[in-house]
Each structure stands twice: as structure tokens, then as C-alpha cells.
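Just so it is clear: chains get the letters A, B, ... in the order the sequence lines come, proteins before strands, and each one is counted from 1. Remember, predicted model here, so these are calculated numbers, not experimental data.
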Amino acid sequence: MTSIPAASAAIEIRAVRKLFGSGAEAVHAFGPSDLSIAPGEFISLLGPSGCGKSTLMLMIAGLLEITDGEILVDGDVVDAPRTDVGIMFQDSTLVPWRSVRGNVELQLELRGLDVAACRERIDDLLRSVHLDGFEDRALWELSGGMQQRAALCQAIVHEPGTLLLDEPLGKLDAMTRERIRTDLQDLWMRRRPTVVFVTHSIEEAIQLSTKICVITPRPGLIDHVIDIDLPWPRGLDARRGEGFVSHLARIQEIFHGYGVL
Amino acid sequence: MAAVTSVSPVAAGARWLARWWSRSWLFLLFFAAFFVAWEVLVDALEVPRYILPKPSTIVIKSSADLDRLVYYTWVTGTETVLGYAVAIVLAVPLGLAIAFSRFLRQTIYPFFVSIEMTPKIAFAPLFISWLGFGLLPKVIIVFLVCFFPIVLNAILAFGSLSEELTRFCRATGAGAWRSFVKVRLPAAMPQCFVGFKYAAINATVGATIAEFIGSDEGLGFYIQIVTGNMRPDLAFAGIFFLTVLGLAVFGLVTLAERLLIPWHISVRRAAS
């Protein structure tokens with residue numbers, strides 16, 4: 001990878017709360033919670049379905065209004081969609097009328113960037129996730145795992161310093177998840193963006209993260225922030241290590257306490 | 001892939017024909033069986049010719065009237081295509097406007113939904129009494145029949161971009177025009193074509209009934225006149241030409257769909 005990423009950003013979450021609807025009908029989805037994310041950290045938001053982790057991610061991106069509190073990215077209050085982050089949404093944003101390469105280019109075209117000048121960057125990126133040779137394929141010719149890799153390329157081709165990933169591996173089979181997890185870790189170690197990673201897999205969170213935010217079910221509150229002080233890189237064998245297993249046991253204990261495990 | 005270029009066009013054509021045949025022979029056989037059964041049953045049951053003629057009689061008798069049939073197909077075809085084209089040209093931009101304007105959605109949209117429930121053909125006698133027997137009232141009837149399904153599907157098409165893609169566009173900072181051209185418009189095409197195809201099926205219906213009600217040329221006029229003269233053989237010939245016209249219009253829309261949205265699942269299914 002020849003290109004240099006934009007500086008990683010710090011994220012500050014201050015007493016953020018989110019209600020959907022208003023009055024007596026309002027649904028309390030998240031917070032109030034605080035969180036500090038240092039530049040270059042890989043933070044997982046870990047919790048059961050419907051705990052508001054995606055909601056928090058969308059608020060960081062400026063795509064969802066914050067009811068109370070504030071979020072700062074690099075010292076700026078988020079009050080509009082942030083265009084300097086890379087987002088992988090829960091549902092795919094790949095469009096069927098474009099090839100793999102075309103979908104990656106869509107991110108650049110929508111930003112008004114010169115696609116021809118980025119040709120080499122796109123090639124490098126697709127190669128780094130093993131999609132070389134599939135650049136001109138239509139989406140329906142790809143497996144689910146390949147589509148997710150293409151979606152990852154689309155989300156990061158503009159080289160953002162911050163990545164917001166909403167269950168990017170959620171719909172994949174266990175073996176494919178494993179492989180893409182490794183790719184994701186490689187990518188993070190090479191470029192060191194700040195990553196906010198939404199997941200409901202405890203093992204995935206431990207393997208990838210510098211810190212895990214354990215979120216309670218309904219309303220979502222950041223209940224524990226756990227430092228994962230295991231050595232890098234963390235491959236399959238790391239998951240058999242003592243440290244890994246004790247983190248796993250502790251987090252399972254916490255979820256057991258919530259009644260979700 | 002390289003092998004394809006070395007094959008002569010004749011061989012490529014033969015292969016295409018073979019593929020077409022393997023896909024279509026069953027359908028062609030069924031079609032042939034239908035007409036043979038018709039031919040045989042009319043004789044076997046001794047159905048009088050003025051009630052239901054045999055297919056062979058229809059072909060022989062109507063060939064004498066071929067010039068008139070072809071000319072009337074042209075007349076009805078012109079009414080159909082003009083009304084249909086005007087409907088698309090007006091309905092798609094209007095559907096787009098309604099999808100994005102709260103005001104239009106609260107005013108003109110419920111109005112359109114109510115009118116969609118009205119059989120448009122009921123307006124035909126009025127238009128003919130206002131505008132006479134010429135081309136214009138027929139074009140207006142075809143337009144009315146086609147306009148509402150196209151506009152309602154266009155509203156649905158432009159108003160139902162997934163939340164994910166909407167957010168994706170916003171997160172890139174793209175302006176309304178760029179998001180529209182690169183994402184909204186292509187995403188809306190499949191649903192628009194649902195309207196186009198539905199309208200294409202009904203376009204010839206509108207033209208035919210408008211001609212029944214008041215005209216002095218066209219296939220609808222022809223069918224009415226020859227039926228009055230106890231010539232069901234010629235009426236069937238008129239129906240055959242209407243079918244060809246309908247298939248041609250629908251075929252053109254389907255071709256446009258294939259060219260414009262080859263990526264859509266409905267097109268890919270049809271091609272395989």
C-alpha cells in the first residue's frame with residue numbers, strides 16, 4: 001500500500017441519548033452514555049440485537065439526529081453527515097447496475113473525485129482483499145463473502161481516517177467470516193485508522209479490538225469498556241490463548257447477567 | 001471467449017437458432033395444436049361459418065382485405081404509440097416531482113389514486129363528442145389509460161430508494177443532482193418499467209374501445225363494421241392484427257428494458 005491514510009480521528013461521545021418518536025410514545029433507544037476513542041483505536045460496540053449499537057454508529061456518522069448530548073470528531077461537533085469517514089452499513093450499498101470496480105468507483109464519483117487518477121489505488125485495494133481478477137464481474141456473479149469484500153473496498157477507497165463498520169460480517173458463514181476478519185485486521189494494522197466496529201460476536205470483538213464497549217439491551221448503555229491487551233496480530237491460534245479465553249469468559253458472564261446469554 | 005471470434009457468423013446464427021428452438025419448440029407446438037384443434041372441432045361439431053369460422057377460412061377470406069387491415073393497423077398503431085409516448089413523457093417527470101414534493105403528495109397524489117379507480121374508457125364518449133372522430137380523441141383516451149399506471153409506479157420508484165443508499169449518498173456529500181444521476185435514477189428504473197409494461201398492455205385496449213365508440217377508421221372500427229355484416233372471419237382477422245400490434249408495442253418496451261436495465265433480476269431471469 002503506497003498511499004498514506006488521512007490522520008486518524010479521535011471521537012468523543014458526551015452524554016449522548018437517542019429517542020425515536022416523541023412524547024409518551026417515544027422509544028428510548030440509546031444512552032445516556034459517554035465514551036472516548038483515541039486516534040487509531042479499534043473499538044467494538046458489542047451487544048445483543050436492538051441494543052442501539054447501530055444507532056450510536058449512525059449518530060457518530062452524523063446520519064441520525066442526536067436527542068441529547070453531543071459527539072465530537074477531531075474536536076468538531078457532529079451536526080451534519082461527516083464526509084471524512086468510511087462507512088459500511090448493515091445492508092449493502094453495492095448497486096447491481098455496476099461491476100465490482102464500478103461500485104468502488106461510485107464512492108469516488110459521488111464525491112466528485114477523479115476516478116482515472118485513482119485507478120492504481122483501486123487496483124491495490126481490490127488486490128489486498130483478494131478480489132483481483134473479479135474487477136469487472138457483476139455483483140450477482142460473486143459469493144456473499146466476495147460481495148462483503150467489495151463493500152469494504154467501496155467504504156474505504158477514499159482513504160478515510162475513521163471507519164464505521166456496522167456488522168460487516170454479520171451475514172456470512174463462519175469460515176468466510178474468519179478470512180475477512182483477518183483481512184480487516186491486516187488492513188487496520190497497516191493503515192491504523194480509528195475503527196468503530198459494531199458486532200454481536202464476542203469472539204470477533206476480542207480478536208479485533210483494542211477496546212470493547214459492552215452495551216446493555218434496551219435502552220443501550222455502555223456498561224463496561226474493556227481493554228483487550230493481547231499481542232498482535234491475533235490469528236486463529238490467539239483464540240486458544242489464556243488471555244483470550246479469560247476475556248471471553250468475563251464478557252459471557254456480563255451478558256449472562258443481562259439475561260441475554 | 002477467444003473461440004467466439006473465430007466462429008463464422010453463419011455458424012453463430014445457426015447456434016442462436018438452435019438455442020431458440022430448444023427454448024421455444026414446446027410453445028410453438030402448443031400454438032399449432034390450438035389452431036389444429038380449432039380447425040378440426042369447427043368441422044366435427046358443424047359450427048356454422050357465421051358463428052365461428054375455421055382458421056383456414058379466416059386466412060383465405062381476409063387475405064382479400066389485407067390492404068385495409070394493414071392500413072387500419074397503421075391507424076390504430078399511431079393512436080396507441082402517440083398516446084403511450086405522451087403518457088411516458090409527462091408521467092415520469094410528474095411522478096418524480098410527486099415523490100419529492102410533500103405538497104404534491106398531499107394534493108395531486110390522492111387525486112391521481114382516486115382517478116386510477118375510475119375506468120378511463122368511460123371518458124371516451126365525452127372526448128369523442130367534444131373532439132370528433134379524428135386521431136386526437138383516441139390519442140387522449142390511450143394517454144389516459146396509460147398515464148396513471150406509469151405515474152403511480154414512477155412515484156413508487158423514485159420514493160423508495162433504500163435507507164442504506166440514501167445514507168450512503170448523504171455520507172459522500174454528493175449533491176442532489178449527482179445522487180440522482182448516479183444512484184436514484186438507475187435504482188428507480190425497474191419499478192418504472194413495471195408501469196411502462198402494464199401501460200403497454202392496456203394501450204391497444206384503449207385505442208380499440210375508443211374506435212368502437214366513434215371512428216371511421218382503425219382496427220376497432222373495422223371489427224365493429226364487419227361483425228355487423230355477419231363476417232366473423234374478418235373480425236378474427238382484425239383481432240389477429242390487434243394482437244400483432246399489441247405484441248409489437250410490448251416487445252419494444254421489453255427490448256428497451258433489456259437495453260436499459262440488463263442488470264435487473266427480472267431481465268436476467270427472462271434471458272436465462
Let's test your reading of the structure: which of B:Ala174, B:Cys169, B:Ser179 forms the most heavy-atom pairs below 4.5 Å with chain A?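 Highest number of pairs under 4.5 Å: B:Ala174.
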Residue, of B:Glu163, B:Met189, B:His264, B:Glu164, that accumulates the most heavy atom pairs under 4.5 Å with chain A: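 Answer, by heavy-atom pair count under 4.5 Å with chain A: B:Glu164.
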Heavy-atom pairs under 4.5 Å with chain B: which of A:Ala138, A:Gly62, A:Gly112, A:Ala80 has the most?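 It is A:Gly112.
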Could you check whether A:Arg121 pairs with A:Asp124 (Lys NZ or Arg NE/NH1/NH2 to Asp/Glu carboxylate O, under 4.0 Å)?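 So A:Arg121 does not pair with A:Asp124 through a salt bridge.
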Do A:Asp123 and A:Arg101 sit within salt-bridge range, that is, some charged N less than 4.0 Å from a carboxylate O?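 A salt bridge is present here (some side-chain N lies under 4.0 Å from a carboxylate O).
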Under 4.5 Å from a heavy atom of chain A, the part of B:Val183 involved: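 When you check distances to chain A, atoms from both the backbone and side chain of B:Val183 fall under 4.5 Å.
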With only heavy atoms counted, which part of [X] is less than 4.5 Å from chain B, the side chain, the backbone, both or neither?
| X | result |
| --- | --- |
| A:Leu64 | side chain |
| A:Arg82 | backbone |
| A:Leu58 | side chain |
| A:Ile87 | side chain |

Would you check if there is a donor-acceptor pair between the side chains of A:Gln107 and B:Thr172 at a distance under 3.5 Å?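 No donor-acceptor contact under 3.5 Å links the two side chains.
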Any luck finding a side-chain donor-acceptor pair between A:His130 and A:Arg149 under 3.5 Å?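 No pair is found: no donor N or O on one side chain lies under 3.5 Å from an acceptor on the other.
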Test salt bridge (charged side-chain N to carboxylate O under 4.0 Å, His left out) on B:Arg178 and A:Glu109 and set out the steps. CA-CA 9 Å; B:Arg178 198 182 279 156; A:Glu109 287 174 28; over 6 Å; no
Check the surroundings of atom CH2 in A:Trp140: do more than 12 heavy atoms from other residues, nucleotides or ligands lie under 6.0 Å from it?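 Yes, because the 6.0 Å sphere around CH2 of A:Trp140 holds more than 12 heavy atoms from other groups.
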